[in-house]
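All residue numbers in this chain count up from 1 along the given sequence.
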Amino acid sequence: MANVIVIGAQWGDEGKGKITDLLSKSADVVVRYQGGVNAGHTVVVKDQTFKLHLIPSGILYPDTECIIGCGTVIDPKVLIEELDQLEQLGVSTENLLISETAHVTMPYHRILDQASEERRGEHRIGTTGRGIGPTYADKSERTGIRMIDLMDPESLRKRLRWTVEYKNVILEKLYNQTPLDPQAVIDEYLVYADRLRPHVVDSSLRIYDAIQRKRNILFEGAQGTLLDLDHGTYPYVTSSNPVAGGACVGTGVGPTVIDRVIGVAKAYTTRVGEGPFPTELHGITGELLCDRGAEFGTTTGRRRRCGWFDAVIGRYAVRINGLDCLAITKLDVLDEMDEISICVAYEVDGERCNDFPSNARRFARCKPIYKTVPGWKQSTANCRTLEDLPRQALDYLKLLAELMEVPIAIVSLGASRDQTIIVEDPIHGPKRALLSTNPIPTH
């Protein structure tokens, strides 16, 4: 039995969907623990592409139980659309369970999100405009609507009538928006409730029962470490905790049940939205990474900012999450590069900085200090073992493991399930994966 957390070790979009899908084969239960429809996982199985926003990647395995935990915020309309799409593609959704204490994204959340972002002007954060921040804000303010309220028509009518009228004051007076019709919102969400009712359960109890029965549980995070509300590049962050610690709060389990934490990182770095990005590339190389890596957001379609691998934020992710091993994705995107650079430290205000600065203004002034290595100039798409890799590609992976001071367990070389090198089974294998060497100095 193993209880494993999968987290993003960068700014999200690291390919967690594929890695979670691979690991789900060995899992009995897959649990999503935070975020909302602002997240997106793309999974390619043979000739089919699945774009998931709320439903855990494990849904593609018919015997795997999938749970949306209480730390996730749920847009019922989007969730139902996702259910319909999966069922049309022949994927059963009977094993999907939803926490009764998860909060619900309402129409006024989306309107407030978009209006607030527009009002910020040059100070905008770069949100997806899907209402995630306002949903979490209502949760903290204790005015939110939970799935358990959605299941109770009388309670929903009473709570929503007051809440919509309250939000209308803000929409009209502060943002000059058209007010919502409380009854129309109530009627719409009662229809959603009827569709989702068979899936709503006490998810914390279900997870506890699975732990007691020694079942393998995979905890799936959305976004990435540097977007964490407390530990990311604030204020350019998401509204929840994607870090490993968020899995316990967002599902209702204690930290002592977790056996391993796996970090997912691209072989380079990307970021969506606003905020500092020390290794960002603005020229031809950045365009090449974006085009070869198909770097467009699953949720928004926005073009991602691309740059070289940043080992400083990588080491930070190892520290904050207690990573046991790494999955490196999109190594094949670097196949055409003559040379590849890796940020090993920063220069800020004339001084060398080896650690991620928590001061946002200081981080914005950081300039990367690079180590440059030769590229391999040949395709890795068909490599299935470490021995198949070009020597320079293997050297590059070893260098990443050394700089981040954590072993690499999985190497992904494309979108399909089979385009993967499993160095060591990160769930059932030993604590240390094979692709690791003694750490090298970063000075």
> Just by modelled atom types, is the Pro276 backbone N or O under 3.5 Å from a matching donor or acceptor in the Arg271 side chain?
yes
> List the atom of Gln177, the atom of Ala115, and the distance in Å for their closest heavy-atom pair.
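Heavy atoms only, the tightest pair is NE2-CB, 4.2 Å.
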> Quick check for you: to the nearest 0.5 Å, what is the distance between Cys306 atom SG and Leu288 atom CG?
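It is 9.5 Å, given to the nearest 0.5 Å.
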> Between Ser204 and Ser99, is there a side-chain heavy-atom distance shorter than 4.5 Å?
no
> Please report the interatomic distance CG(Asp332) to CG(Asn382), rounded to the nearest 0.5 Å.
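That separation rounds to 10.0 Å.
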> Counting only heavy atoms not in Gln212 (residues, nucleotides, ligands), do more than 12 fall under 6.0 Å from its CD?
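Yes.
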> By the ring pair (Phe, Tyr, Trp, His ring centres under 6.0 Å) test, which pairs, at least two apart or in different chains, include something from residues 257-276?
none
> CG/Asn168 to OG1/Thr163 distance, rounded to the nearest 0.5 angstrom?
11.0 Å
> Within a radius of less than 6.0 Å around CG of Asn359, do more than 12 heavy atoms belonging to other residues, nucleotides or ligands occur?
yes
> List the steps and the verdict of side chain to side chain contact (heavy atoms under 4.5 Å, CB included) for Thr238 and Tyr136.
CA-CA 10 Å; Thr238 193; Tyr136 277 114; 5.9 Å; no
> Flag the pair Ile421 / Ile410 as yes when at least one side-chain heavy-atom distance between them is below 4.5 Å, and no otherwise.
no
> What are the two closest heavy atoms between Leu218 and Ala27, and how far apart are they?
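Nearest pair, atom of Leu218 first, then Ala27: CB-CB, 4.0 Å.
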> Is the shortest heavy-atom distance from the side chain of Leu196 to the side chain of Met147 under 4.5 Å?
yes
> If you measure from the Lys or Arg side-chain nitrogens to the Asp or Glu carboxylate oxygens, is any gap between Arg110 and Asp75 under 4.0 Å?
yes
> How far apart are the closest heavy atoms of Gln223 and Ser240, and which atoms are they?
OE1-OG, 4.3 Å
> Does the Tyr396 side chain pair with the main chain of Ala267, one donor and one acceptor, at a distance under 3.5 Å?
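Confirmed, Tyr396 side chain pairs with Ala267 backbone.
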> To check you understand the geometry: which heavy-atom pair defines the closest contact between Ala9 and Leu226, and what is its length?
O-CD2, 4.3 Å
> Show your working on side chain to side chain contact (heavy atoms under 4.5 Å, CB included) between Ile19 and Leu23 and close with a plain yes or no.
CA-CA 6 Å; Ile19 301 305; Leu23 298 178; 4.0 Å; yes
> With a 4.5 Å heavy-atom cut-off, do Val4 and Phe219 have their side chains touching?
no
> With a cut-off of 3.5 Å and sequence neighbours excluded, list every side-chain donor-acceptor pair involving residues 178-186.
unit_1: Asp181; atom_1: OD1; unit_2: Gln183; atom_2: N; d: 3.1
unit_1: Gln183; atom_1: OE1; unit_2: Arg161; atom_2: NH2; d: 2.6
unit_1: Gln183; atom_1: NE2; unit_2: Asp187; atom_2: OD1; d: 2.8

> Looking only at heavy atoms, what is the nearest atom pair of Gly58 and Cys66, with distance?
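Minimum heavy-atom contact is C-SG, 3.3 Å.
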> Would the distance check show the side chain of Arg159 and the main-chain N or O of Gly144 forming a donor-acceptor pair, the cut-off being under 3.5 Å?
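At least one qualifying donor-acceptor pair exists.
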> Check this for me, if you would: do Glu87 and Arg195 make a salt bridge, where the nitrogen-to-carboxylate-oxygen distance has to be below 4.0 angstrom?
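Salt bridge: yes.
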> The criterion is side-chain contact (heavy atoms from CB on, under 4.5 Å); which residues satisfy it with Ala244, sequence neighbours excluded?
Ile5, Ile7, Val261, Asn321
> Any donor-acceptor pair under 3.5 Å linking the side-chain atoms of Thr420 with those of Lys18?
yes
> For residues 175-201, which residue pairs pass the ring pair (Phe, Tyr, Trp, His ring centres under 6.0 Å) check, not counting sequence neighbours?
Tyr189-Tyr192
> Evaluate side chain to side chain contact (heavy atoms under 4.5 Å, CB included) for Trp308 paired with Leu281, printing each intermediate quantity in order.
CA-CA 7 Å; Trp308 293 122; Leu281 297 166; 3.6 Å; yes
> Residues in ring-ring contact (aromatic ring centres under 6.0 Å, His included) with Tyr236, at least two apart?
none
> Can you confirm whether the side chains of Asp335 and Thr380 place a donor and an acceptor under 3.5 Å from each other?
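Yes, a side-chain donor-acceptor pair sits under 3.5 Å.
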> Around atom OH of Tyr61, are there more than 12 heavy atoms from other residues, nucleotides or ligands closer than 6.0 Å?
yes
> Please verify the inter-ring angle class for Phe363 with Phe356; under 30° counts as parallel, over 60° as perpendicular, anything in between as tilted.
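Aromatic pair Phe363/Phe356 classed perpendicular.
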> Calculate, to the nearest 0.5 Å, the distance between atoms CZ and OG belonging to Arg119 and Ser116 respectively.
8.5 Å
> What distance separates Ile145 CD1 from Leu150 CG, expressed to the nearest 0.5 Å?
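Ile145 CD1 to Leu150 CG: 8.5 Å, rounded to 0.5 Å.
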> Under 4.0 Å between a side-chain nitrogen and a carboxylate oxygen: does that hold for Arg305 and Glu280?
yes
> Is the backbone of Pro242 close enough, under 3.5 Å, to the side chain of Tyr33 for a donor and an acceptor to pair up by distance?
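Checked: pair present.
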> Do side-chain atoms of Thr269 reach the backbone of Asp310 as a donor and acceptor pair under 3.5 angstrom?
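Checked: pair present.
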> Short question: side chain of Asn95, backbone of Glu65 - any donor-acceptor pair under 3.5 Å?
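No; zero donor-acceptor contacts below 3.5 Å.
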> Under 3.5 Å, side chain of Tyr316 to main-chain N/O of Thr225, donor-acceptor pair present?
no
> Identify which one of Glu14, Gln10, Glu295 satisfies the side chain to side chain donor-acceptor pair (under 3.5 Å) criterion when paired with Lys266.
Glu295
> Is a salt bridge present between Asp138 and Lys167, judged by a nitrogen-to-oxygen distance below 4.0 Å?
yes
> Are Val253 and Tyr208 packed together at the side-chain level, in the sense that at least one heavy-atom pair is separated by less than 4.5 angstrom?
no
> For Ala294 and Arg304, work out which heavy atoms get closest and say how close.
O-NH1, 4.2 Å
> Could you check whether any side-chain heavy atom of Asp28 comes within less than 4.5 Å of a side-chain heavy atom of Ile217, counting everything from C-beta outward?
no
> Do we see a donor-acceptor contact under 3.5 Å between the side chains of Ser412 and Thr329?
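Absent: no donor and acceptor within the cut-off.
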> According to side-chain hydrogen bond (donor to acceptor under 3.5 Å, both in side chains), who are the partners of Gln114, at least two apart in sequence or on a separate chain?
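Gln114 satisfies side-chain hydrogen bond (donor to acceptor under 3.5 Å, both in side chains) with no residue once adjacent residues are dropped.
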> Which value, rounded to the nearest 0.5 Å, describes the distance between Cys70 atom SG and Gln34 atom CD?
11.5 Å
> Using a 3.5 Å distance criterion without hydrogens, assess whether the side chain of Arg319 forms a donor-acceptor pair with backbone atoms of Leu323.
no
> Check whether Ser24 reaches the backbone of Thr20 with its side chain - one donor and one acceptor, N or O, closer than 3.5 Å.
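Looks like yes, one N/O pair under 3.5 Å.
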> Output yes when a side-chain donor or acceptor of Asn216 lies under 3.5 Å from a complementary backbone atom of Ala2, and no otherwise.
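Flag set: sc Asn216 to bb Ala2 pair under 3.5 Å.
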> I'd like to know if Glu287 pairs up with Arg303 as an ion pair, taking the criterion as any Lys NZ or Arg NE/NH1/NH2 lying under 4.0 Å from an Asp or Glu carboxylate oxygen.
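Yes, charged N to carboxylate O under 4.0 Å.
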> Using the side chain to side chain contact (heavy atoms under 4.5 Å, CB included) definition, which of the options Ile74, Thr105, Val104 pairs with Thr135?
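Of Ile74, Thr105, Val104, side chain to side chain contact (heavy atoms under 4.5 Å, CB included) with Thr135 is met by Thr105 alone.
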> Taking the basic N atoms (NZ, or NE/NH1/NH2) and the acidic carboxylate oxygens, is any pair closer than 4.0 Å for Asp21 and Arg417?
yes
> Given the rule in the side chain to side chain contact (heavy atoms under 4.5 Å, CB included) test, do Asp149 and Met151 qualify, once you have shown the distances and angles that lead to the verdict?
CA-CA 5 Å; Asp149 300 312; Met151 298 301 108; over 6 Å; no
